[in-house]
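Notes for the one structure printed next.
Whatever order the structure lists them in is the order used to number ligands and atoms, beginning at 1. Remember, it's a predicted structure, so these values are computed and weren't measured experimentally.
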Amino acid sequence: MQTISFTRRLRRTHVSQGVEAASVKAYSVYNRMLLPTRFISLEEDYRHLKEAVQVWDVASQRQVEIKGPGAADLMQRLTPRDLSGMRVGRCYYVPVVDENGGMLNDPVAIKLSEDRFWLSLADSDLLLWVKGIVFGLGLEVDVFEPDVSPLSIQGPRAEELVSRVFGEEIRALAFFGFEYFSFAGTQFLIARSGWSKQGGFEIYVVGNDNGMILWKAFFDSGADLDVRAGCPNLIERIESGLLSYGSDMTLDNTPFECGLDRFCHPEKVIDCIGREALLREREAGPKRKICPVEIDGDIPVCDRAWPMHSGRDLVGQVTSAAKSPDFGTNVAIAMLDRGFWEAGRELRVETSTGILSGRVVDKFWN
Ligand code: THG
């Protein structure tokens, strides 16, 4: 078994100390930062996430801050999602695309004030793209990575745990809304959001000094709730249809191919980058699409795309897969060519250890 070498390039987080004390078993690298992926086992972590509450170190969801008189205009150039109705205090899931409509990232946008936003990134260097656009167009905005690290509380008992630390008012927070709540004399921006469908909150912790204080507060207040250290869980997020940039979609894919139609309105957003390409694609219809797929048998770890065949034809690929205890099958996400994405379609999956049968299902599981 190999390990990854640790250097300064691979950034630690404000709560790495807590994660290590909780016996983290595996990490991924995300935005050049450590992202825990396993504490006990994928299945144990999954069961616990669906029944209790976990504290996740998702500091690797780095922020790009966009600030200044031109901030709102720049935001609307960056995404084909219509931001005209976006109020301060709201989070929006926004595809960010290049001039060809290719996905550059799928961040959560946060509107801090009329002229100040954060983009909470998936794993790609979006900061460089945004800085290039600002320089190229000579815009009046500052763009930088602020010292902000999200800490996520996820699971059915998340609201109970967060209310014990930050007060009962947290219960009134709407999905994808944010407000400021205080703990030990400090104000924290907290949103009702997170990369699971078990419910929860994300605290955008500023600086390096408060992370471990909050971490301890959650564990001290939640012992009877069986609070544990956790992390985004592969099984749960596939069941929930939460897409992972770099795995399920890349620059080669458009928002329509990714099934993100409800967040993509090029007809309304006349200034967005990629508008023409997206309008053309909407007209013609996407050539391929992300679909939920179930796979029979025993699957290996999905650490590469698995080709999918119909008869002799290569018709797509599986991009994420995991064995689901709750659904008694292997749940998977695939990118399938037009003509092969209707529910019920039987396909062969060429995993890294052998060929298995699979089929398209009509919706994600959660
Ligand atoms: N939270 C924050 N930053 C993030 C993520 C996050 N950055 C990286 C990654 N996750 C970005 N990708 C997603 C993908 C899906 C969602 C959020 C971020 C998500 N989607 C819901 C859905 O699809 O049902 C709701 C979307 C909506 O209704 O607007 O939550 O998790 N801070």
Would you call [X]-[Y] a salt bridge at under 4.0 Å N-O?
X	Y	result
Glu236	Lys197	no
Lys25	Glu44	no
Glu43	Lys323	no
Arg280	Glu276	no
Glu342	Arg345	yes

Tell me whether ligand 1 is touched by [X] - counting only heavy atoms on the residue side and a distance under 4.0 Å.
X	result
Phe263	yes
Tyr245	no
Gly194	yes

Legend entry - Polar contact flag for Leu121 and ligand 1 (N/O pairs, less than 3.5 Å): yes
Inset, instruction - Indicate yes or no: does an N/O atom of Tyr30 lie under 3.5 Å from an N/O atom of ligand 1? - result: no
Among all protein heavy atoms in this structure, tell me which lies nearest to [atom], with the distance rounded to 0.1 Å.
atom	result
atom 13 (C) of ligand 1	Tyr93 CE1, 3.4 Å
atom 28 (O) of ligand 1	Phe175 CE2, 4.0 Å
atom 3 (N) of ligand 1	Ser120 OG, 2.7 Å
atom 30 (O) of ligand 1	Phe176 CZ, 3.5 Å
atom 6 (C) of ligand 1	Gln61 NE2, 3.5 Å
atom 18 (C) of ligand 1	Val108 CG2, 3.6 Å
atom 23 (O) of ligand 1	Arg262 NH2, 3.6 Å
atom 10 (N) of ligand 1	Trp195 CD1, 3.6 Å

Inset, instruction - Any chance you could measure Met249, atom CE, to Leu104, atom CG, to the nearest 0.5 Å? - result: 11.5 Å
Inset, instruction - Apply the test side-chain contact (heavy atoms from CB on, under 4.5 Å) to residues Tyr204 and Trp118: give CA-CA distance (whole Å), side-chain angles for both, the deciding distance (0.1 Å), then the verdict. - result: CA-CA 11 Å; Tyr204 290 77; Trp118 283 339; 3.8 Å; yes
Inset, instruction - Identify which of Asn31, Leu242, Asp106 has a heavy atom lying nearest to atom 15 (C) of ligand 1. - result: Leu242
Mark up the atoms of ligand 1 that fall under 4.0 Å of a heavy atom belonging to [X], in ascending order.
X	answer
Tyr204	32 (N)
Ala122	7 (N), 8 (C)
Lys197	24 (O)
Glu202	1 (N), 2 (C), 6 (C), 31 (O), 32 (N)

Are [X] and [Y] close enough that some pair of their side-chain heavy atoms sits under 4.5 Å apart?
X	Y	result
Tyr93	Leu260	yes
Pro107	Val94	yes
Asp125	Arg32	yes

Inset, instruction - Measure from NZ or CZ of Arg81 to the centre of the six-membered ring of Tyr92 and say whether it is under 6.0 Å with the direction within 45° of the ring axis. - result: yes
Legend entry - Proximity to ligand 1 by part of Arg90, non-hydrogen separation under 4.0 Å: neither
Legend entry - Candidate pair Asp261 and Arg282, rule salt bridge (charged side-chain N to carboxylate O under 4.0 Å, His left out), full reasoning: CA-CA 9 Å; Asp261 306 48; Arg282 167 163 287 171; 5.3 Å; no
